[in-house]
Amino acid sequence: MMLEVRNLHAYYGQSHILHGVDLEVGEGEIVSLLGRNGVGRSTTCKAIMGLVPPQGVVKYRGKDVAGLRSDLVARCGIGYVPEDRQIFPTLTVRQNLELGLKKAGKFGRWNFQDVFRLFPNLDARQDTAAGVLSGGEQQMLTMCRTLMGDPDLILIDEPTEGLAPKLVEQVGLLLEEIARRGVSILLVEQKLTIALKICARLYVMGHGRIVFEGTPADLNANADVRREWLEV
Amino acid sequence: MEIVLISLLNGLVYGMLLFMLASGLTLIFSMMGVLNFAHASIYMIGAYLAFTVSQVLGFFPALIIAPILCGLLGAAIEIYGLRRVHHNGHIAELLFTFGLVFIIQRGVQMTWGMLPMAYRVPAILDFPLFTVYGANFPAYRGFMLLISAGMLLATWLLLKKTRIGLIIQAALTHPQMASSLGHNVPMVFTIVFAGGCLLAGLAGVIGGNYQTTEPGMAEAMGPIVFVVVVFGGLGSLAGCFIASIVMGVIQTFAVVIDYSFIDFLKPLGISVTADNLLTEILTVPVARIGALLPFAMMILILLFRPRGLLGTRDT
Ligand SMILES: Nc1ncnc2c1ncn2[C@@H]1O[C@H](COP(=O)(O)OP(=O)(O)OP(=O)(O)O)[C@@H](O)[C@H]1O
Ligand SMILES: [Mg+2]
């Protein structure tokens, strides 16, 4: 198993947010993590990355990474795209991408040409301060920045949040390209359509735990789960 | 006229010295959120170390050795001190650096004594560089300008043109993101803290014989550097630079101006003669309240522009 999370707990100060999350991602697999606002999906990603102190088991390719410093988790091969994007606003588009590299000049599956071919908008604005890009451009930049570090598994938190339908489609295409290059994906999403279309397996979260696990077809067949944990 | 020119130059020299201190302080603050009270104490240590080293090896080796020692001391403070108290929040960090001020103060007094050191300008630089209308501009001040400008350029190049500089800039805005991309952010913090201390140490080396090397020098310099940082806006290097130069020039002029406020009012046709508190204040020569001027400016800027000149966040 590529990523194995067992009985994961996490806290913000006194408040207990994750109550024993269990999930798995296999090599080359695309897995979605669904759920309503505030159920702890982002916290799950942060706990895996070591950005929030995790309690429980987090194993990456058999190696225990729970509680490792974030840069060391990243260097094991896990990439993270946060929901708030965290673009470096004063740096240029190209500099943002450069920061994705773990070492200067060390490219893996992705290089500058790939990014600029996929997103001509970014090509045209290579030397622009990233802070002035549109929301959609910033989202693409954030994902590409993490890809430059050549992760084998990427955690992507709500990449389509607040984007126009046309851009949502672009995000979908990039996700497919990522999968084509053999990178496993754990995708946190709110929009069921895109998540169900690309993933092979999915988890539904509620109140800090996993409440459902199955394929998109299983979820489609299970109206109760959708009503209780997903629909608003 | 010659007074104006010479004072302007002197103000520039002093301003650059202030900037060497203030730039480190503001970088450390914007990156780690730590207002390092002990920054001026490192400046003092730089001066004392320079004095001791220059007695053995001469001034120019001291110019290199003392700042490096200060940088190493800074690295040790960050790794063994700040990093440990960091978990307990900003107040703990503040108290920690506050405690350092007293420890360093005592340590200096115990090692070098209470009296001023005979740390002098090296003989080779002890001549007037040029003379305008009979007023001298010492060569050593020219040397100070050269060193501080060189250091400024080096820091700028490091920040803007190297990969470590790029990572520092990234960690300034989103340290957690920089970390998730695989960059060792704690090490970046140590480098920045040590670099800030190195600059402060260098300021001490060239400032210690320009002013006097004595146990009160940190206490005298500390508040002014804080004023500069607040005035320029926390977290802004450009604002910090402008504030340093302005403060340097203002302070230099305040000392040489032999007028009181009442002299400025006279040409306006206002004359105050009544014997009350206001007149009392207005007749004090500017030179005597010069030392208060920076603080008055800080209060004004906090009242009317709380982010400072170019600051990006509230002070
Ligand atoms: N920094 C924080 N401090 C305290 N509580 C937090 C913090 N961040 C999140 N929480 C709380 O933790 C819970 C889970 O948050 P999380 O961000 O993981 O939710 P989510 O499932 O990603 O939902 P969404 O992204 O839609 O808000 C929420 O109740 C939230 O209020
Ligand atoms: Mg979230």
Side-chain angles (χ1 to χ4, degrees), chain A residues 13 42 45-53 65 68-92 94-106 108 129-131 138 141-151 154-157, chain B residues 26-27 29-32 78-79 82-84 86-92 155-192 233-241 307 310-313:
Chain A
S42 298
C45 295
K46 287 181 191 162
I48 294 170
M49 285 310 291
L51 295 168
V52 199
V65 297
L68 225 54
R69 217 172 55 210
S70 318
D71 55 309
L72 300 174
V73 176
R75 280 173 188 275
C76 288
I78 307 183
Y80 171 54
V81 181
E83 65 185 322
D84 55 356
R85 297 178 189 147
Q86 306 212 2
I87 280 292
F88 303 119
T90 54
L91 302 177
T92 65
R94 199 181 172 88
Q95 285 176 319
N96 268 273
L97 291 171
E98 246 161 53
L99 280 160
L101 296 172
K102 302 212 169 78
K103 217 175 130 205
K106 182 173 163 268
Q138 288 194 2
L141 180 58
T142 321
M143 294 207 276
C144 292
R145 178 179 62 183
T146 299
L147 289 172
M148 292 296 274
D150 197 24
I154 187 166
L155 318 177
I156 309 182
D157 198 349
Chain B
T26 209
L27 259 189
F29 174 81
S30 39
M31 175 165 255
M32 331 210 310
E78 206 281 325
I79 293 172
L82 274 180
R83 201 178 282 187
R84 288 171 186 230
H86 179 75
H87 306 286
N88 302 322
H90 286 328
I91 299 291
T155 310
W156 186 83
L157 286 176
L158 179 83
L159 275 177
K160 297 287 178 193
K161 301 284 168 199
T162 68
R163 185 162 164 88
I164 184 75
L166 192 63
I167 297 172
I168 289 175
Q169 291 184 72
L172 273 174
T173 42
H174 297 301
Q176 290 210 329
M177 192 64 230
S179 184
S180 337
L181 290 171
H183 305 300
N184 187 343
V185 171
M187 193 182 72
V188 172
F189 280 9
T190 307
I191 290 173
V192 168
L234 284 169
S236 159
L237 273 180
C240 180
F241 180 72
R307 285 169 179 223
L310 300 175
T312 46
R313 55 175 115 191

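Convention: sequence-line order gives letters A, B, ...; per-chain numbering from 1.
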* Structure fact -> If one checks every heavy atom of A:Leu91 against chain B at 4.5 Å, the contacting part turns out to be side chain
* Asked: Does A:Thr142 have any side chain to side chain contact (heavy atoms under 4.5 Å, CB included) partners at least two apart in sequence or in another chain, and if so, which?
  -> A:Val81, A:Pro82, A:Arg85, A:Ile87, A:Arg145
* Asked: Distance from A:Thr146 atom OG1 to B:Met177 atom CE, nearest 0.5 Å?
  -> 4.5 Å
* Asked: Is it the side chain or the backbone of B:Thr173 that comes within 4.5 Å of chain A heavy atoms, both, or neither?
  -> side chain
* Mind checking which of residues 157-168 of chain B sit less than 4.5 Å from chain A, heavy atom to heavy atom? -> B:Arg163, B:Leu166, B:Ile167
* Asked: Residues two or more places apart in sequence or in another chain: which of them pass side chain to side chain contact (heavy atoms under 4.5 Å, CB included) with B:Pro186?
  -> A:Arg69, B:Arg83, B:Asn184
* How many angstroms lie between CG in A:Asp84 and NE2 in B:His174, if you round to the nearest 0.5 Å? -> 7.5 Å
* **Closest heavy-atom pair and its distance - A:Ala74, B:Ser180** => CB-O, 3.2 Å
* **A:Lys106: side chain to side chain contact (heavy atoms under 4.5 Å, CB included) partners, not counting sequence neighbours** => A:Lys103
* Asked: What option among A:Gly50, A:Gly79, A:Ala104, A:Cys76 has the most heavy-atom pairs under 4.5 Å with chain B?
  -> A:Ala104
